Amino acid sequence: MSRPPAPLAAFIGGLDRLLGSADAEEDVLRGGRRLLGALVAEDGWLPPEFARPDPERYRQYLLHREPRGRFSIVSFVWGPGQSTPIHDHQCGGWWAC
């Protein structure tokens, strides 16, 4: 994605600032939860090409990779009737694995 839509750009910028200024993991979690909530509260910001399902399995689209490797943002898309087995990401939340 060359230029993210405004709501996603705001999320990326907010997360970047948060990671640069937070003193503790709980600060990152609290601030990140707020930022993510604001992003997903809006519909229509995800371009259609990043929301297309695959007929066979779920798809994953990279929306942003932070240049310093601190975070990435992906879109996971499931088609009708598709699912993913229960699994463990080996991490405690949305922030990092």
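In this text, all values refer to a predicted model and were calculated from it rather than measured experimentally.
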Heavy-atom closest pair (Arg59 atom, Arg52 atom, distance to 0.1 Å) is CD-O, 3.2 Å
Name the atoms and distances for all side-chain donor-acceptor pairs under 3.5 Å in residues 6-21, with sequence neighbours left out.
from: Asp16; atom 1: OD1; to: Arg68; atom 2: NH2; distance (Å): 2.8
from: Asp16; atom 1: OD1; to: Arg70; atom 2: NH2; distance (Å): 2.1
from: Arg17; atom 1: NH1; to: Gly13; atom 2: O; distance (Å): 3.2
from: Ser21; atom 1: OG; to: Arg17; atom 2: O; distance (Å): 3.0

Taken in chain and number order and not counting sequence neighbours, the residues that satisfy side chain to side chain contact (heavy atoms under 4.5 Å, CB included) with Arg34 are none
| task | Any chance you could lay out the side chain to side chain contact (heavy atoms under 4.5 Å, CB included) test for Leu63 and Leu46, step after step, and finish with the verdict? | result | CA-CA 9 Å; Leu63 303 178; Leu46 184 64; 3.9 Å; yes
Those residues at least two apart in sequence (or on a different chain) that pass salt bridge (Lys or Arg N to Asp or Glu O under 4.0 Å) with Glu56 are none
Residues passing the ring pair (Phe, Tyr, Trp, His ring centres under 6.0 Å) test with Tyr61, sequence neighbours excluded, are Phe50
Rounded to the nearest 0.5 Å, the CG atom of Leu36 sits from the CG atom of Leu29 at a distance of 11.5 Å
Taking atom types as modelled, is there a side-chain donor on Trp78 or Ser83 under 3.5 Å from an acceptor on the other?
no
For Arg65, the salt bridge (Lys or Arg N to Asp or Glu O under 4.0 Å) test, sequence neighbours excluded, returns none
Separation between CD (Glu25) and CZ (Arg30), nearest 0.5 Å, reads 11.5 Å
Sorted by chain and number, sequence neighbours left out, side chain to side chain contact (heavy atoms under 4.5 Å, CB included) with Val74 holds for Gln60, Leu62, Phe76
Nearest heavy-atom approach of Gln82 to Arg57 is NE2-N, 3.3 Å
